[in-house]
Student: 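Could you have a look at this structure, given as structure tokens, before my questions?
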Amino acid sequence: MCGRARCTMRADDIPRACRRNDGPVRTLHIDRYRPSYNVSPGSNIPVIRREDGSDGGVVLQCMKWGLIPSFTKKTDKPDHYKMFNARSESISEKASFRRLIPKSRCLVSVEGFYEWKKDGSKKQPYYIHFKDGQPLVFAALYDSWENSEGEIIYTFTIITTSSSPALQWLHDRMPVIFGDKEASDAWLDGSSSKVDTLLKPYENPDLIWYPVTPAMGKPSFDGPECIKETKLKTDGNVPISKFFSTKGAKKEVALNSDEKVVKLDSAKCLKEEDPGSKVKTEPFSSTEKEEHDSKSSVMAFSHGVAENCQMKREHEEELSADSKVTSDDTNKLLASPGRKKPKLKSAGDHKQPSVLSFFAKK
């Protein structure tokens, strides 16, 4: 489907965009046109249609987007969202569209259109346009309806077809886009034999797209911000299998690094302990490499044990020295003459006062 579009061209540029450079062009109700980055059903858009009773002339007329069939009751309230699109597969079957195919065809030109990608309850809009910035030309049908006040209102609907393979991921429908003058002329001139061949998906690679702000989902949101490309938020969820595989890879890298460090330290220790020995700089054979790695691992382990034992002895000596100092300080304090030991009273020295002794003191 196509329910939003960008139409910011000047009205006099639309005939050229629709490849109608030859022949006279008559304008009608162009003063109703309001360029917008967010055109929605019910808006007035200039369209190109054939001039009545003319072989080559065309009319640039401003019409409301959203078809209101001419047989609609005058007292009915028009709903432009009901028929803003018409499926190409069924326009020859439905009465609202079938009678319009012979003489009520038109072309709609816009710079681009919007489509929403559904992701659960969320919808992300995308702006679709030509890579070189040229306007798109859609196939459309128009009709006129008279309301209760006697006003004749012209409305149109954009014809859609199945999406091209490149756009299937976004939506299963897309507007019928005419990529050349031959196709747009054949549609506008009323050729009945080529309708099925004209209403087909546009599959050329020059049609591109990118995500835009979800704010443009509101028809009142307008301006260049509607077509400004936005960055999509990536999903933070990582498959658990990927997590463990990454963790395992990191662990393996860490082990390899530790192994290399141990080997380097072992070689250094061997060189320091035996300065007279010669270090073999030539490449080791497989057997020599295994023996060298084994010796290096043993030397590294022994060196580590020796260091741990040395650190433990130093720690014990420090604790012993600290405890000795504490004991000496305590003895000096106890032996000091200025310090008297408090005399503790035994349990028998405490007497319970009686009631009479209490009054005697009074």
Side-chain angles (χ1 to χ4, degrees), residues 2-70 72 78-81 83-86 100 103-114 129-130 133-147 149-159 175-178 181 183-185 187-190 216 219-224 226-227:
C2 176
R4 295 292 177 84
R6 171 196 173 189
C7 188
T8 56
M9 292 180 288
R10 297 190 312 173
D12 54 0
D13 288 334
I14 292 179
R16 184 168 60 254
C18 294
R19 309 175 184 95
R20 304 300 294 193
N21 301 326
D22 52 341
V25 178
R26 184 169 67 93
T27 60
L28 188 61
H29 306 312
I30 297 301
D31 58 321
R32 300 176 183 177
Y33 172 51
R34 298 291 181 272
S36 174
Y37 285 89
N38 194 2
V39 179
S40 60
S43 303
N44 286 288
I45 304 177
V47 303
I48 292 289
R49 67 173 179 86
R50 288 182 301 173
E51 181 73 88
D52 296 333
S54 174
D55 294 334
V58 295
V59 179
L60 176 64
Q61 182 175 352
C62 205
M63 301 184 185
K64 279 185 175 291
W65 183 10
L67 189 76
I68 304 297
S70 58
T72 303
D79 183 3
H80 296 285
Y81 280 87
M83 296 184 185
F84 62 87
N85 284 158
L100 303 177
K103 297 182 179 181
S104 297
R105 303 181 190 181
C106 62
L107 300 174
V108 178
S109 182
V110 297
E111 288 99 330
F113 67 100
Y114 304 92
H129 61 103
F130 278 144
Q134 292 295 319
L136 290 77
V137 179
F138 297 157
L141 296 171
Y142 73 93
D143 202 353
S144 60
W145 167 69
E146 185 178 353
N147 61 15
E149 298 177 357
E151 180 185 7
I152 298 177
I153 301 175
Y154 283 84
T155 60
F156 70 92
T157 182
I158 295 175
I159 301 176
V176 174
I177 302 173
F178 294 136
K181 179 176 173 56
S184 58
D185 286 351
W187 174 254
L188 198 61
D189 293 341
M216 59 79 48
S220 58
F221 187 81
D222 197 1
C226 291
I227 61 171

Student: Under 3.5 Å, is there a donor-acceptor pair between the side chain of Lys64 and the main chain of Gly42?
Tutor: yes

Student: Using 0.5 Å steps for rounding, measure from the SG atom of Cys18 to the CG atom of Leu136.
Tutor: 11.0 Å

Student: Is there a side chain to side chain contact (heavy atoms under 4.5 Å, CB included) between Tyr142 and Thr155? Walk through the geometry before answering.
Tutor: CA-CA 6 Å; Tyr142 73 93; Thr155 60; over 6 Å; no

Student: Drop me the distance from Ser36's OG to Asn44's CG, to the nearest 0.5 angstrom.
Tutor: 11.5 Å

Student: How far does CG of Leu188 sit from NZ of Lys181, to the nearest 0.5 angstrom?
Tutor: 9.5 Å

Student: Indicate yes or no: at least one non-hydrogen side-chain atom of Tyr114 is less than 4.5 angstrom from one of Ile227.
Tutor: yes

Student: Kindly give the heavy-atom pair with the smallest separation between Val39 and Ser43, and that separation in Å.
Tutor: CG1-CB, 3.7 Å

Student: Please identify each residue that fulfils ring-ring contact (aromatic ring centres under 6.0 Å, His included) with His80, with sequence neighbours left out.
Tutor: none

Student: Of all the heavy-atom pairs spanning Ser70 and Ser144, show the shortest one and how long it is.
Tutor: CB-O, 3.0 Å

Student: Using 0.5 Å steps for rounding, measure from the CD atom of Glu146 to the CD1 atom of Ile152.
Tutor: 5.5 Å

Student: Once you round to the nearest 0.5 Å, how far does SG of Cys106 lie from CD of Gln61?
Tutor: 9.5 Å

Student: Begin with the C-alpha distance, continue with both residues' side-chain angles, and end with the deciding distance and a verdict on side chain to side chain contact (heavy atoms under 4.5 Å, CB included) for His29 and Met63.
Tutor: CA-CA 8 Å; His29 306 312; Met63 301 184 185; over 6 Å; no

Student: Going by heavy atoms in the side chains, are Pro46 and Met9 under 4.5 Å from each other?
Tutor: no

Student: Would you say that Ile48 contacts Leu60 through its side chain, given a criterion of any heavy-atom pair below 4.5 Å between the two side chains?
Tutor: yes

Student: Go through the steps to decide whether Trp187 and Val137 satisfy the test side chain to side chain contact (heavy atoms under 4.5 Å, CB included), and finish with yes or no.
Tutor: CA-CA 11 Å; Trp187 174 254; Val137 179; over 6 Å; no

Student: Taking all non-hydrogen atoms of both residues into account, name the closest pair between Arg6 and Val110 and its distance.
Tutor: O-CB, 3.2 Å

Student: Look up atom OH in Tyr33 and atom CZ in Arg10, then write down how far apart they are to the nearest 0.5 Å.
Tutor: 11.0 Å

Student: Mind jotting down which residue pairs meet the salt bridge (Lys or Arg N to Asp or Glu O under 4.0 Å) criterion with at least one end in residues 134-144? Sequence neighbours excluded, please.
Tutor: Arg99-Asp143

Student: Side chains of Ile177 and Phe138: closer than 4.5 Å at any heavy-atom pair?
Tutor: yes

Student: On the 0 to 90° scale, with breaks at 30° and 60°, tag the Phe156-Trp65 ring pair as parallel, tilted or perpendicular.
Tutor: parallel

Student: Suppose the criterion is salt bridge (Lys or Arg N to Asp or Glu O under 4.0 Å): which pairs have a residue in residues 25-42, not counting sequence neighbours?
Tutor: Arg26-Glu51

Student: Using a strict threshold of under 4.0 Å (side-chain N to carboxylate O), is an ion pair present between Arg105 and Asp189?
Tutor: no

Student: Considering non-hydrogen atoms only, spot the tightest contact between Ile45 and Cys7 and give its length.
Tutor: CG2-SG, 4.1 Å

Student: Please name the pair of heavy atoms, one in Ile30 and one in Ala11, separated by the smallest distance, quoted to 0.1 Å.
Tutor: CG2-CB, 3.5 Å

Student: Locate the shortest heavy-atom distance separating Ser109 from Ile14; write the atom from each residue and the value.
Tutor: CB-CG2, 4.3 Å

Student: Please assess Ile153 against Asn147 for the test side chain to side chain contact (heavy atoms under 4.5 Å, CB included), listing each intermediate value before the final yes or no.
Tutor: CA-CA 8 Å; Ile153 301 175; Asn147 61 15; 3.8 Å; yes

Student: I'd like to know if the side chain of Thr157 reaches the main chain of Gly66, judged simply by a donor and an acceptor atom lying under 3.5 Å from each other, with no hydrogens or angles considered.
Tutor: no

